[in-house]
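Everything on this sheet refers to the single structure shown next.
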Amino acid sequence: METPLSHLAHLEITAPDVDASARFYEGKFGMRIIDRVDGNVYLRCWGDYYRYSLVITEGPEASLGRMAWRTNSQSALEAAAARVEATGVQGSWTAGGHGFGKAYEFTGPYGHHMRLFYDVEKFVAEPGFESTYPDRPERRSSHAAAPRFLDHVTVASSDVRGFAKWHNEALGFRIMAFVDLDEAPITVFSVLTTNEKSHDLGVVADTSSRPGRVNHIAFWVDATEDLLRTADVMMENGTPMEYGPSIHGVGEQNFLYFRDPSGLRVELNSGGYRNYVPDWEANTWKPSEGSNNFYKNGAMPHSMTESFPPAEGFTATEEGASAEMKEALLNPYAKQGRG
């Protein structure tokens, strides 16, 4: 049976100041503004095979507006929509949008807006941007910090295992790993994938009552040296590193995190493993096993527990949970009115 999804095609994010965010992604991070349509800014990485991979739209807060996934075929798109609706989630069909064709759009059971499509505009480099390598959509960027591809998105959910189960059953995501607290069998993190990568979708536990939040968006560079150079160049130009560079245990990617002008967290990855095992069974890690930090020697800053838009409550990470979140998870009756 054909798997429904091929890969993550683009992300839509919201920002209070679209122009400020666009200048950041272009000037500091090295993406390229390819279109401006109806107040939205469309950006691409130099290795993106489609016209764009990031859309910035106006909104009152930093948030994930929508994640868009390309299916493996037109028939897979129809099948994916049917599978989603078989779970009780009702979506709608559209004729398409800027750079893509017929699409099925819905809000998942945990509040995240998703778009599925097959027909898409393949990028053709304009004069002066052609690559000498036939397989590259355009020439390598001369910006020292430029990412090659969009890589993944990590969202927040009230039920990590429930989120993973739904996306596995409805859309065919492979569940690659879980992270449970050392203190109790409470799952705070999971990674899922549509292909051989360790993940293109992550999910962290969220104790807030606000659905559909996002923890970070992520991009890819070829080599660790590229990632280190990005950290160097961005810091030289006024953007501090929130966390890293280091290596995650889950997925084994080199990573670093920083913030865009809206406050949204951005990750950059390189390395990591590839997994082609069709009957892979997800292992459950503990933070003490190095789920977040491969070397088990780094302290993650507390700011990494912030997800977007802001909400009262806590979110976890690959590191596990903060002391405050553990208290809420391990002793839910500590707050009056909970039993």
Side-chain angles (χ1 to χ4, degrees), residues 8-11 13 15 17-36 41-56 62 123-154 197-198 200 216-248 251-272 293-295 298 301 303-304:
L8 181 64
H10 66 256
L11 295 173
I13 60 173
D17 189 335
V18 172
D19 287 337
S21 289
R23 287 194 300 271
F24 173 86
Y25 284 100
E26 182 181 49
K28 288 195 174 182
F29 196 36
M31 298 182 72
R32 192 154 70 92
I33 295 175
I34 199 71
D35 292 307
R36 293 179 182 267
V41 180
Y42 297 78
L43 298 102
R44 61 176 283 102
C45 305
W46 64 268
D48 286 332
Y49 293 104
Y50 310 147
R51 186 162 183 83
Y52 58 87
S53 58
L54 184 67
V55 188
I56 308 175
F123 181 72
V124 177
E126 59 269 56
F129 286 91
E130 308 97 327
S131 174
T132 57
Y133 299 99
D135 287 342
R136 288 184 180 175
E138 68 171 272
R139 69 185 184 193
R140 180 182 287 271
S141 173
S142 58
H143 192 295
R148 183 167 188 154
F149 299 118
L150 175 67
D151 189 66
H152 70 267
V153 58
T154 293
K197 293 194 301 182
S198 70
D200 45 19
H216 62 268
I217 65 174
F219 296 84
W220 174 267
V221 288
D222 290 346
T224 304
E225 290 79 6
D226 298 322
L227 184 142
L228 298 176
R229 186 179 302 112
T230 297
D232 188 337
V233 170
M234 296 193 76
M235 290 178 68
E236 287 274 37
N237 288 276
T239 297
M241 295 299 102
E242 183 179 20
Y243 184 32
S246 189
I247 302 177
H248 288 312
E252 299 185 29
Q253 301 100 329
N254 296 272
F255 71 85
L256 59 84
Y257 296 90
F258 53 88
R259 302 289 190 101
D260 77 7
S262 74
L264 183 67
R265 181 177 299 106
V266 182
E267 183 181 15
L268 190 64
N269 288 148
S270 66
N293 185 309
F294 185 88
Y295 303 112
S303 62
M304 288 290 297

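Given the structure is predicted, the values throughout are model-derived calculations rather than measurements.
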Which value, rounded to the nearest 0.5 Å, describes the distance between [X] atom [atom1] and [Y] atom [atom2]?
X	Y	atom1	atom2	result
H152	D200	NE2	CG	9.0 Å
R44	F149	CZ	CZ	10.0 Å
D232	L227	CG	CG	11.5 Å
I247	N293	CD1	CG	8.5 Å
R136	S131	CZ	OG	5.0 Å
S246	N254	OG	CG	8.0 Å

Compare all side-chain heavy atoms of [X] with those of [Y] and state whether any distance is below 4.5 angstrom.
X	Y	result
S303	E242	yes
L264	I217	yes
D17	S262	no
D151	E267	no
L43	F29	no

Any idea which heavy atoms bring [X] and [Y] closest together, and the distance?
X	Y	answer
V221	A146	CG1-O, 3.9 Å
A125	P137	CB-O, 3.4 Å
P147	L268	CB-CD1, 4.1 Å

Report all side-chain donor-acceptor pairs from residues 20-28 shorter than 3.5 Å, counting only partners two or more places apart or in another chain.
| residue | atom | partner | partner atom | Å |
| --- | --- | --- | --- | --- |
| Y25 | OH | D260 | OD2 | 2.7 |
| K28 | NZ | N237 | O | 2.8 |
| K28 | NZ | T239 | OG1 | 3.4 |

A223 backbone acceptor or donor facing E225 side chain under 3.5 Å: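 It does not hold such a pair.
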Residue among M235, E236, R229 satisfying side-chain contact (heavy atoms from CB on, under 4.5 Å) with V233: R229
Passing candidate, ring-ring contact (aromatic ring centres under 6.0 Å, His included) with H216, options F255, Y243, Y257: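 Result for ring-ring contact (aromatic ring centres under 6.0 Å, His included) with H216: Y257.
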From CA spacing to verdict: side-chain contact (heavy atoms from CB on, under 4.5 Å), M241, M234: CA-CA 8 Å; M241 295 299 102; M234 296 193 76; 4.0 Å; yes
Evaluation steps, side-chain contact (heavy atoms from CB on, under 4.5 Å), between F219 and N269: CA-CA 6 Å; F219 296 84; N269 288 148; over 6 Å; no
Donor-acceptor side-chain pairing of E252 and S198 below 3.5 angstrom: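 Side chains of E252 and S198: no pair found under 3.5 Å.
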Charged N-O contact under 4.0 Å between D48 and R148: no
Residues R140, D222: salt bridge by 4.0 Å N-O rule: yes
Within 45° cone and under 6.0 Å: R51 NZ/CZ vs F123 ring: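 Verdict for F123: no cation-pi partner in R51.
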More than 12 heavy atoms from other groups under 6.0 Å of CZ on F294: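 No, CZ of F294 has 12 or fewer neighbouring heavy atoms, counting only those of other groups under 6.0 Å.
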Which residues share a salt bridge (Lys or Arg N to Asp or Glu O under 4.0 Å) with R32, sequence neighbours left out: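 Partners of R32 under the salt bridge (Lys or Arg N to Asp or Glu O under 4.0 Å) test: E126, E138.
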Derivation of the side-chain contact (heavy atoms from CB on, under 4.5 Å) call for Y52 and H10: CA-CA 7 Å; Y52 58 87; H10 66 256; 3.8 Å; yes
L11/V55 under side-chain contact (heavy atoms from CB on, under 4.5 Å): CA gap, chis, key distance, verdict: CA-CA 6 Å; L11 295 173; V55 188; over 6 Å; no
